[in-house]
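Counting starts at 1 for both ligands and their atoms, in listed order.
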Amino acid sequence: MDTKIYHDEDADLNVLKGKKVAVLGYGAQGRAQALSFRDSGFDVTIGVRENGPSWKKAKEDGGMTVTTMDKAVKDADVVLMLLPDETQPDIYKEFVEPNLKKGAALDFAHGFAITYKLIVPPKDVDVIMMAPKAPGDAERQQFVEGFGVPALIAVHQDATGNAKKIALALAKGLGCTRAGTFEVDNFDYETKSDLFGEQAVECGGLSKLIEEGFQTLVDQGFPPIVAYFECCHENKLIIDLVTQGGMAYMWNVCSNTAKYGGLTRRDKVINKDSVAGMKEIYREIDSGEFKTEWRQEWANGLKNLHAMMDDESKLQLEKTGAEVRALFQRKAN
Ligand SMILES: NC(=O)C1=CN([C@@H]2O[C@H](COP(=O)(O)OP(=O)(O)OC[C@H]3O[C@@H](n4cnc5c(N)ncnc54)[C@H](O)[C@@H]3O)[C@@H](O)[C@H]2O)C=CC1
Ligand SMILES: CC(=O)[C@](C)(O)C(=O)O
Ligand SMILES: [Mg+2]
Ligand SMILES: [Mg+2]
């Protein structure tokens with residue numbers, strides 16, 4: 001299946017000229033997208049809780065209307081649900097559904113709520129996705145530097161006939177058509193790949209690999225800072241090589257000792273049991289079991305999540321990392 005790729009020339013910011021773009025939420029994605037839309041000339045309204053931290057931050061950033069979510073949605077031509085996934089169904093019910101005007105576009109940066117039918121929009125609105133494939137800070141930084149991160153777009157519902165044009169205008173407004181914006185057939189492709197990637201590879205798998213590698217060396221009596229450089233700090237430099245020129249390039253830049261040792265021993269770490277684990281992760285995502293568990297965790301006040309985050313913050317790795325960053329800060333001053 002060929003994925004259609006779009007660049008600047010395929011998207012038109014004027015599609016949103018004179019239109020009201022309401023961004024609900026001002027966190028990682030909300031702030032990065034809203035500031036870039038503002039700088040791209042869109043009429044941006046931020047919808048957040050009155051006088052909360054996001055309200056104050058959005059006011060400080062300036063150049064946008066800041067109001068409550070219900071008021072932001074009223075008369076909006078595009079509403080971006082840049083709220084935590086777990087909060088979206090309730091916020092949609094209370095603030096969006098009663099105020100969303102006929103012919104508006106409802107946009108998501110991740111398809112969770114639509115894929116698992118936690119939000120079912122009316123038939124008379126466009127439902128689109130513009131999902132940047134990056135953390136918020138990175139996408140804003142690349143926009144400011146004149147480039148942009150890649151994004152996925154999808155159209156779930158095209159009531160006006162303009163759904164894809166609007167998704168592309170949003171992507172261009174965030175600089176994502178500079179790198180490349182990829183169209184996928186449906187929300188599920190983004191939702192399920194993103195959940196899998198963040199659980200099995202980029203957040204879950206990678207953090208565990210780093211933590212256990214670090215602990216293995218520390219348990220062998222290595223100074224924590226030595227273990228930190230080897231199992232954590234240097235990863236960015238290696239990944240930069242992969243990003244620059246692929247796996248072969250990374251291997252070629254590394255020593256032959258690293259090539260031989262890495263290629264002959266990596267299966268001791270990532271092996272058929274690990275792959276079976278990856279398949280189980282995907283099965284839980286695809287079946288909706290993860291969705292059900294995550295909804296239950298939200299209903300329980302995120303107790304387990306807070307406990308796990310507390311455990312993470314107490315790791316020796318974090319203490320050593322803070323010392324290293326302080327060291328580097330000294331160099332920067
Ligand atoms: N974090 C990231 O960089 C990425 C996130 N996404 C998606 O973007 C969407 C937004 O996620 P993030 O920006 O990470 O969210 P976030 O957790 O960074 O912040 C969301 C913002 O929503 C508001 N908010 C939070 N809880 C609220 C509540 N209970 N009631 C009302 N407002 C509330 C606040 O303004 C908060 O700053 C999600 O669908 C996520 O999956 C997609 C790509 C990357
Ligand atoms: C930053 C990103 O793309 C993630 C990991 O999917 C997310 O934060 O949900
Ligand atoms: Mg992601
Ligand atoms: Mg994600």
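Atoms of ligand 1 found under 4.0 Å from any heavy atom of A134, numbered from 1 in the order shown, are 3 (O), 44 (C). Ligand 1 places these atoms under 4.0 Å from at least one heavy atom of G136: 3 (O). For ligand 1, the atoms lying closer than 4.0 Å to a non-hydrogen atom of H110 are 7 (C), 39 (O), 41 (O). Under a 4.0 Å criterion applied to the non-hydrogen atoms of M69, ligand 1 contributes the atoms 31 (C). Per-residue contacts place P135 under 4.0 angstrom from the following atoms of ligand 2 (heavy atoms of the residue considered): 1 (C). Ligand-side atoms of ligand 1 in range of T87: 29 (N), range being under 4.0 angstrom from any heavy atom. Taking every heavy atom of P135 and a limit of under 4.0 angstrom, the matching atoms of ligand 1 come to 3 (O).
In this structure, D77 contributes its side chain and A104 its backbone to no donor-acceptor pair below 3.5 Å. K172 places no side-chain N or O within 3.5 Å of a backbone atom of L13 that could act as its donor or acceptor partner. Judged by distance alone, with hydrogens and angles left aside, the side-chain atoms of E97 form no donor-acceptor pair with the main-chain N or O of P121 at under 3.5 Å. Of the possible polar contacts, none joining the E190 side chain to the I153 backbone as a donor-acceptor pair under 3.5 Å is found. For the pair K291 (side chain) and Y116 (backbone), a donor-acceptor distance under 3.5 Å is absent. Between the side chain of N252 and the backbone N or O of A248, at least one donor-acceptor pair lies under 3.5 Å.
The two atoms that bring I119 and F108 nearest to each other are CD1-CE2, 4.0 Å, heavy atoms only.
Heavy atoms of I91 found under 4.0 angstrom from ligand 1 belong exclusively to the side chain. Using a 4.0 Å cut-off between heavy atoms, Q88 contacts ligand 1 through its side chain alone, with no backbone atom that close. At a 4.0 Å heavy-atom cut-off, ligand 1 touches S54 through the side chain alone. Contacts of L82 with ligand 1, taken as heavy-atom pairs under 4.0 Å, involve the backbone alone. At a heavy-atom cutoff of 4.0 Å, ligand 1 is contacted by no atom of P53, backbone or side chain. Of the heavy atoms in P132, only backbone atoms (N, CA, C, O) come closer than 4.0 Å to ligand 1.
Looking at Q316 and Q215, their side chains never bring a donor and an acceptor atom within 3.5 Å of each other. Side-chain contact, D137 with Q141: no donor N or O sits under 3.5 Å from an acceptor N or O. In summary, the side chains of N300 and K303 do not present any donor paired with an acceptor at a separation below 3.5 Å, with no hydrogens or angles considered. Side chains of T243 and D240: a donor-acceptor N/O pair is absent below 3.5 angstrom, by distance only.
Our summary of the site lists the angle at the Mg ion (ligand 4) between OE1 of E198 and OD2 of D194 as 90°, to the nearest 10 degrees.
Of the protein's non-hydrogen atoms, the one nearest atom 3 (O) of ligand 2 is D194 OD1, 3.9 Å. Closest protein heavy atom to atom 2 (C) of ligand 1: Q29 NE2, 3.6 Å. Scanning the protein for heavy atoms near atom 10 (C) of ligand 1, the closest one is L83 O, 3.3 Å. Protein heavy atom in closest approach to atom 28 (C) of ligand 1: R49 NH1, 3.3 Å. Protein heavy atom closest to atom 41 (O) of ligand 1, with residue, atom name and distance, is D85 OD2, 2.7 Å. Protein heavy atom nearest atom 14 (O) of ligand 1, with residue, atom name and distance: A28 CB, 3.9 Å. Among all protein heavy atoms, the one lying closest to atom 5 (C) of ligand 2 is E202 OE2, 3.4 Å. The protein non-hydrogen atom at the shortest distance from atom 19 (O) of ligand 1 is G27 CA, 3.4 Å. Of the protein's non-hydrogen atoms, the one nearest atom 17 (O) of ligand 1 is P84 CG, 3.6 Å.
Taking the six-membered ring for Trp, F328 and H233 have ring centres closer than 6.0 Å.
To the nearest 0.5 Å, atoms CZ (R31) and CZ (R140) are separated by 7.5 Å.
Considering backbone and side-chain N/O atoms, E198 comes within less than 3.5 Å of an N/O atom of ligand 2. Ligand 1 has no N or O atom lying under 3.5 Å from any N or O atom of A109, backbone or side chain.
A cation-pi geometry, defined here as NZ or CZ lying under 6.0 Å from the six-membered ring centre and within 45° of its normal, holds between K4 and Y6.
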Output a table of donor-acceptor pairs, distance under 3.5 Å, between side-chain atoms of residues 15-26 and any protein atom two or more places apart or on a different chain; print 'none' if there are none.
{"from": "K20", "atom 1": "NZ", "to": "K74", "atom 2": "O", "distance (Å)": "3.0"}
{"from": "Y26", "atom 1": "OH", "to": "D61", "atom 2": "OD2", "distance (Å)": "2.5"}

